[in-house]
Amino acid sequence: MTTVDRVVGAGIDRIDGPAKVRGTAPYAYEHDPGEPIAHVALVQSTVNRGRITQLDPTRAEAMAGVLAVLTPANAPRLSGDLASDLPVLQSLDVHYQGQVVAVVVAETSEVAKAAVGEVSVEYAAEPPDVRLAVDRPDLYAPEKIMAGYETDSVIGDVDGALAAAAVTVDATYETPTQHNNPIEMHTSMARWDGDQLTMWDANQGPHNIVNDLVAGFALDGGHQVRIISPYVGGAFGSKAFTHPNQMVAAMAARVVGRTVVLELTRQQMFSLVGHRTPTIQRVRLGADPEGRLSAISHEVVEHTSRVNEFAEQTATPTRVLYAAPNRRTTHRLARLDVPPPTIMRAPGETPGMFALESAMDELAHELGIDPVELRIRNEPTEDPERHIPWSSRSLVQCLRTGAERFGWAGRDLRPGVRTDGRWLVGTGVAAATYPARRRKADCRISVAGTPAGPARYVVEIDGSDIGTGAWTALTQIAADALGVGMGDVELRIGDSRLPFAGGAGGSTGLASWGSAIVLTARELRRRLEDEYGGQVPPDGVTVDGGVPGPSPHAQERSMHSFGAHFVEVRVDADTGEVRVPRATSVYAAGTIVNAKTARSQFLGGFCMGLSMALHEESVQDEVHGHYANHDLAEYHVATNADIGEIDIAWLDEDDPYVNELGLKGIGEIGITGAAAAVANGYWHATCKRIRDLPITPDKYFR
Amino acid sequence: MREFRYAAATDPAAAVALLAGEPSGAFLGGGTNLVDLMKLGVATPDVLVDVRTLTSREVTDAADGGLRIGAGVPNADLAADRRVRERYPVLAQALLAAASGQLRNRATTAGNLLQRTRCGYFTDVTRPCNKRSPGSGCGALRGLHRNHAVLGQTLDGPGTCVATQPSDMAVAMVALDAVVQVLGPDGARSIPIGELHRLPGDDASRDTTLRHGELVTAVDLPPMDMPSRYRKVRDRASFAFALVSVAAALRVEDGVVADVRLALGGVAHKPWRAAVAEGALRGRPATEESFAAAADAELAAATPLPGNGYKVPLARNVVVRTLLELTGGLA
């Protein structure tokens, strides 16, 4: 083999970029199944809880171009094993507003949508119960919270330590319901060939979708379902798991006997594909006069739906971030008449870090200590709850490097004293953290000689590129692991026929898929050396490999990425408008595979955190029970004009424990803590502490 | 989406005649608002009469020193017109504070004037809304109304409506005393722009005083020799409707307000001409105290809802700030 330079770490342009820019990269809606496609539209419940008392599809059925109207009365029966809201059209009961109560299949999307209006539905409904509150008598402790964490953690005597502390903070923070809004709407195109289902689908992991379809349609196994998802137009968690849209598409295709496509509308994405739960978080901190924490308490109240239990792990970052001998974290849930919540970029850490890092800022003010210094003083030498060493931890270096790059030194601690014309000016800081995990992933690498040129390596793994750059990063990893150039590698991802991999989620993608590729490539190279004298044999060689699951060190080392955000915040003294003209974010996340796409990930994460701080909120109407701002005109996300200069940097960090590549995953850390940094800067500018996001201009006038 | 017919006409009179015979028809301009509403099922015209190329796309000088804006002039062209930028900066600024470049290229002057409220209960056919479905109620009154009206709402009865008029351009034109030229089945007429939009009264379904079949053909701007400016406050830096906006023009002579124009957006079912404030200011010293007293006098009539009380102090602050900026007394 020839020697090539390592490409891991380089800023390589996206290999899928040209196809995407030219519009030739097929997204789910754009595949050609080779026959005319029928279109699916949904009739959705307009009540939150109750029962369908009358459902008349006859006018819709009579419309020209309508192929079928599916209702609970005639829809194919799905397996009773399906959970959450996946048993679509299996019952007359309504559990949330927006639930699918009938499905129209028609020759065109226009006819299908028109027919939706001709299906008459009546309900016996109860008033919606949607308000989350800390004094609800029905709050309960779930058995576990998401990602397998314990619901509560209690260490030492928190109340005693708080009572004895020289300085305390006791504050309650609220984050609103938020909705994933990737550019590409959830889309599923389905076709049955006998008992064989093919689905071109927008998701974060084809293998994640297969099992629910196998179960729902009582198929023999995964070989009867093929999910194809090579390109996905953005995803932040709502495309991680199966939702009703995939069940409906498969059901509709089966009924009409041809290919159908269901593309959700933007409005439908506010009820059918999950949301981030609202949270109410009480944080109490106790410290000595030098700022050393004696107690941390973080109590979380959040919601779930009637049909699923989604217990967001909101207080888990508090279990790792700072040292304190006395500690408590709790999670309590209210079951409300809401659609099933789901994951949204850094579920848990994102709302949780807003509360914890706001409270740390409040404590710094109470103590008169610089908030960077306060964090450094509470740096734990080991995982403060598991009492095991870190695999690597560079928070202090991130804080120091960020402070240096931002120009933090000499900052005036006092709030509300700086102006520039009519702008009130402040600066804020917050830490970031996210777990580093590895999951099971299989991989197959085949090599064959070509008559004219060098050997060609085909790398197959069911990874996903949801816009992150995985196509490119995995090709870089494979090239280095095989000791060849990127041009000699053909990567295949996004197809459930490929070797198993978990989806893109939990910042585990490169850690898991990349490790599987490295180990498989290593085995291939060993075989080529041992069995073929280092030459590619005429018939080629194929090797199957992978990683079995978490790092073997996961129980003895605490594995997390860390970071620090610094922001300048300007608030108009007359109007309460907020601007963030500049920010610095510094991260330590192990090996960085692609400097260019990594920067984009860090940038995007920070921008989404800024958007959370200032804009994003799904407002639920407590009378009618729906999300009243269910489109992108009224559910505001940050625009380009809201984003100022953002300085992104990362530290070299060598972590031999996390995985074969020493990388920690970077899809989510950027959003964690970002909202707190903005809120802290807002307080420093205005002297107003806004503890309920988003910080919209109206809150300036409280 | 329902089926509808598309009709083209050869000139404005023919278009008016066509629509007069179609009680459920509508004129189609740039379509940036109407087509969205049709997709949502909020607008259900049987026929669209295309007037995109029938009215003028030109801004012309008027004999009195003002300007005549053809109804078909795209928002982007109007904002870029040198005469508008120099003599009516309030209008150019209002246009550029609205929508996006793509939408401003497409949207017409007449269409902008006649765009409908963005109230989420109006745009969702599964909710009560007296504007869309008279008699069904007002969902926003006890629902999401953070960005709804604080002045001139109808708070009970069948006309209950707390929606706002969304056009920035219209607010500027109200401050400029523009005149809307209309061609209808009964001939042409001129409507002072302050009389074009209406409060909900007992019929929230009607946004304007236009009669069915009337076509806006032009908007006339009288001559303007006062400095003017537009200030829009919104939830984010771009691409959002006004929480509050102010269109203002001011002439100060010897430290005294010689003339003033003031209109507010985002606060009512129509662009709100602040006549009380204007009256309180004329002949008064051009000081922050006078501006604040005038704003308070205007806003004394406000009847904010539980969720939008902030608009009263916000509007006050923006009025004061904008007038101060026009005096040159504030950087």
Side-chain angles (χ1 to χ4, degrees), chain A residues 44-47 64 97-98 108-114 116-117 265 267 420-422 572-580 611 614-615 617-644 694-702, chain B residues 1-4 36 38-41 44 99-100 118-121 123-128 137 139-147 166 231-246 304 307-322 324-325 330-331:
Chain A
Q44 295 178 273
S45 162
T46 54
V47 303
Q97 185 154 179
T108 68
S109 63
E110 289 81 5
V111 169
K113 282 172 188 159
V116 163
T265 65
Q267 288 85 349
D420 178 5
R422 298 298 295 169
D572 187 301
D574 296 308
T575 66
E577 294 162 291
V578 186
R579 299 289 183 267
V580 181
S611 188
L614 301 181
H615 306 301
E617 176 179 24
S618 305
V619 181
Q620 198 159 26
D621 182 312
E622 293 184 5
V623 176
H624 298 101
H626 68 302
Y627 293 106
N629 57 336
H630 59 184
D631 60 36
L632 288 181
E634 300 302 323
Y635 180 92
H636 288 164
V637 299
T639 64
N640 284 345
D642 291 290
I643 304 299
I695 307 172
T696 42
D698 52 304
K699 292 177 182 171
Y700 181 74
F701 293 93
R702 284 175 176 170
Chain B
M1 193 168 180
R2 296 193 338 159
E3 283 192 16
F4 60 91
D36 277 355
M38 290 171 68
K39 287 180 180 173
L40 292 168
T44 54
S100 63
R118 263 48 174 206
C119 173
Y121 298 84
T123 56
D124 182 346
V125 295
T126 66
R127 306 298 149 199
L141 190 63
R142 283 174 195 78
L144 174 59
H145 56 237
R146 190 175 70 90
N147 196 15
R231 177 71 162 92
K232 177 179 182 178
V233 179
R234 44 188 160 176
D235 276 330
R236 57 184 172 187
S238 180
F239 209 56
F241 292 94
L243 299 172
V244 166
S245 67
V246 170
N308 71 359
Y310 73 96
K311 283 196 174 189
V312 176
L314 174 58
R316 176 189 193 275
N317 286 358
V318 183
V319 166
V320 172
R321 166 94 158 260
T322 306
L324 276 174
E325 286 170 346
L330 197 70

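To find a chain, count down the sequence lines: A is the first, B the second, and so on, and within it residues start at 1.
- Both the backbone and the side chain of B:Asp235 come within less than 4.5 Å of a heavy atom in chain A.
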Given A:Asp621 and B:Arg127, is the side chain to side chain contact (heavy atoms under 4.5 Å, CB included) satisfied, shown in steps? CA-CA 11 Å; A:Asp621 182 312; B:Arg127 306 298 149 199; over 6 Å; no

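- When side chains are defined from C-beta on, B:Arg146 does not count as touching A:Val619, because their heavy atoms never get closer than 4.5 Å.
- There is no contact between A:Glu622 and chain B, counting heavy-atom distances below 4.5 Å.
- Chain A forms the most heavy-atom pairs under 4.5 Å with one residue out of B:Pro128, B:Gly41, B:Ala315, and that residue is B:Pro128.
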For the pair B:Thr126 and A:Gln44, evaluate side chain to side chain contact (heavy atoms under 4.5 Å, CB included) and give the outcome as yes or no after the intermediate values. CA-CA 10 Å; B:Thr126 66; A:Gln44 295 178 273; over 6 Å; no

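- The ring of A:His626 has its center closer than 6.0 angstrom to the ring center of B:Tyr121.
- Using a 4.5 Å cut-off between heavy atoms, B:Arg234 contacts chain A through its backbone alone, with no side-chain atom that close.
- Looking at A:Leu632, only its backbone comes within 4.5 Å of chain B, counting heavy atoms on both sides.
- Remark: A:His630 NE2 to B:Thr123 OG1 distance equals 6.0 Å, nearest 0.5 Å.
- The side-chain heavy atoms of A:His636 and B:Phe239, taken from C-beta on, include no pair separated by under 4.5 Å.
- No part of A:Arg702 comes within reach of chain B, as not one of its non-hydrogen atoms sits under 4.5 angstrom from that chain.
- The CG atom of A:Asp631 sits 8.0 Å away from atom CG of B:Leu40, with the distance rounded to the nearest 0.5 Å.
- Heavy atoms of A:Gln267 lying under 4.5 Å from chain B belong exclusively to its side chain.
- Within the 4.5 Å cutoff, the side chain of B:Leu314 has heavy atoms near those of the A:Thr575 side chain.
- Proximity to chain A (any heavy atom under 4.5 Å) is shown, for B:Val233, by both the backbone and the side chain.
- In terms of heavy-atom pairs under 4.5 angstrom with chain A, the leader among B:Gly143, B:Gly120, B:Pro313 is B:Pro313.
- You'll find the side chain of A:Ser611 stays beyond 4.5 Å of the side chain of B:Arg236, heavy atoms only.
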In sequence, state the C-alpha distance, the side-chain angles, and the governing distance for B:Tyr310 and A:Lys699, and then conclude on side chain to side chain contact (heavy atoms under 4.5 Å, CB included). CA-CA 8 Å; B:Tyr310 73 96; A:Lys699 292 177 182 171; over 6 Å; no

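- Among A:Val637, A:Thr639, A:Asp698, the residue making the largest number of heavy-atom pairs under 4.5 Å with chain B is A:Asp698.
- Between B:Arg231 and A:Asp572, at least one side-chain nitrogen of the basic residue sits less than 4.0 Å from a carboxylate oxygen of the acidic one, meeting the salt-bridge criterion.
- Put simply, the side chain of B:Ser238 does not reach to within 4.5 Å of the side chain of A:Asp642, judged on heavy atoms.
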